Engineer: 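Below is the structure I would like to discuss, written out as structure tokens.
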Amino acid sequence: QVQLVESGGGLVQAGGSLRLSCAASGRTFSSYAMGWFRQAPGREREFVAAVNWFGGDRYYTDSVKGRFTISRDNAKNTVYLQMTSLKPEDTAVYYCARARSLDSVLRENEYTYWGQGTQVTVSS
């Protein structure tokens, strides 16, 4: 059974930064792509970023390009989301997830394991 545990969320002012971490259990972390999604109040969960198994390919939703960076450390079984220039519209619960395959994917149904989420609140 794979467990994903997010951390690093919190309250930050607009323009600030946060780094989210997602620690994964198990010995096959490096064999799968990882992603970050978010869900704002009253809205559906949406894709934020994804990274392939070795970190060479990264994808972002348009609204975070240039501000967020996804990375991974396979030796630590951890994926990160560095968030800068945060905006109030980035406020959401952020979830990490493990994909079914090596390659980065954007669709939610391509992910099989999910963390419990961490709250990010950006004040104006």
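Fair warning: this is a prediction, and the values are worked out from it, not measured in the lab.
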Engineer: Please report the shortest heavy-atom distance between D103 and A33, naming the atom on each side.
Structural biologist: O-CB, 3.3 Å
Engineer: Sub-3.5 Å donor-acceptor pair from the side chain of T91 to the main-chain atoms of V122, do we have one?
Structural biologist: yes
Engineer: Show the nearest heavy-atom pair for residues L4 and C22, with the distance to one decimal.
Structural biologist: CB-SG, 3.9 Å
Engineer: Inspect the contact between K65 and D62 and indicate whether a charged nitrogen and a carboxylate oxygen are less than 4.0 angstrom apart.
Structural biologist: yes
Engineer: Taking T118 for the side chain and E6 for the main chain, is one N or O donor matched with an acceptor at less than 3.5 Å?
Structural biologist: no
Engineer: If you count every heavy atom of other residues, nucleotides or ligands that lies below 6.0 Å from E46 atom CD, does the total exceed 12?
Structural biologist: yes
Engineer: Check whether R100 reaches the backbone of N109 with its side chain - one donor and one acceptor, N or O, closer than 3.5 Å.
Structural biologist: yes
Engineer: Can the positive tip of R38 be found less than 6.0 Å from the middle of the six-membered ring of Y94, inside 45° of the ring normal?
Structural biologist: no
Engineer: Of the non-hydrogen atoms in Q82 and L18, which two are nearest, and what is the gap between them?
Structural biologist: NE2-O, 3.6 Å
Engineer: Spell out, as yes or no, whether a donor-acceptor pair under 3.5 Å connects the side chain of R43 to the backbone of A92.
Structural biologist: no
Engineer: Carefully, step by step, assess W114 and E108 under the rule side chain to side chain contact (heavy atoms under 4.5 Å, CB included).
Structural biologist: CA-CA 10 Å; W114 294 81; E108 192 170 325; 3.4 Å; yes
Engineer: If hydrophobic clusters are built from ILVMFWY residues whose side chains come within less than 4.5 Å, do Y32 and I70 share one?
Structural biologist: no
Engineer: Are Y113 and L20 connected in a single hydrophobic cluster, I mean Ile/Leu/Val/Met/Phe/Trp/Tyr linked by side-chain heavy atoms less than 4.5 Å apart?
Structural biologist: yes
Engineer: Within the structure provided, determine whether L81 and V48 are in side-chain contact (heavy-atom separation under 4.5 Å).
Structural biologist: yes
Engineer: Are the side chain of T78 and the backbone N or O of K76 linked by a donor-acceptor pair below 3.5 Å?
Structural biologist: yes
Engineer: Can T84 and F68 be said to form a side chain to side chain contact (heavy atoms under 4.5 Å, CB included), step by step?
Structural biologist: CA-CA 6 Å; T84 63; F68 291 11; 5.6 Å; no
Engineer: Of all the heavy-atom pairs spanning D57 and Y59, show the shortest one and how long it is.
Structural biologist: CB-CE1, 4.2 Å
Engineer: Do the side chains of L106 and Y60 join up, straight or via other hydrophobic residues, at under 4.5 Å, putting them in one cluster?
Structural biologist: no
Engineer: R45 vs Y95, test: side chain to side chain contact (heavy atoms under 4.5 Å, CB included). Steps then yes/no.
Structural biologist: CA-CA 9 Å; R45 189 158 57 185; Y95 299 90; 3.7 Å; yes
Engineer: Identify the residue among V12, L86, V93, L11 that makes a side-chain contact (heavy atoms from CB on, under 4.5 Å) with T121.
Structural biologist: L11
Engineer: Working to the nearest 0.5 Å, report the span between CD of Q3 and CZ of R98.
Structural biologist: 12.5 Å
Engineer: Are V79 and V64 connected in the hydrophobic side-chain network, where two residues link if heavy atoms are under 4.5 Å apart?
Structural biologist: yes
Engineer: Would V2 end up clustered with W36 when hydrophobic side chains under 4.5 Å apart are linked, directly or stepwise?
Structural biologist: yes
Engineer: Keeping the roles fixed (side chain from N77, backbone from A23), state whether a donor-acceptor pair exists under 3.5 Å.
Structural biologist: no
Engineer: Give the minimum heavy-atom separation between F54 and N74, together with the two atoms involved.
Structural biologist: CA-ND2, 4.3 Å
Engineer: Tell me the closest heavy-atom pair linking S85 and S17, and the distance in Å.
Structural biologist: N-OG, 4.4 Å
Engineer: Just by distance, do the side chain of S104 and the backbone of N52 share a donor-acceptor pair under 3.5 Å?
Structural biologist: yes
Engineer: Looking only at the aromatic ring of each residue, does the gap between the centers of F37 and Y111 stay below 6.0 angstrom?
Structural biologist: yes
Engineer: Can R72 be said to sit on top of W53's aromatic six-ring, NZ or CZ under 6.0 Å from centre and within 45° of the ring axis?
Structural biologist: no
Engineer: Answer yes or no on whether R19 is positioned over the face of Y80, meaning its NZ or CZ is under 6.0 Å from the six-membered ring centre and within 45° of the axis.
Structural biologist: yes
Engineer: Answer yes or no: are there more than 12 heavy-atom neighbours, outside Q116 itself, under 6.0 Å from its atom CD?
Structural biologist: no
Engineer: Walk me through whether M83 and D90 qualify under side chain to side chain contact (heavy atoms under 4.5 Å, CB included).
Structural biologist: CA-CA 9 Å; M83 306 185 294; D90 294 318; over 6 Å; no
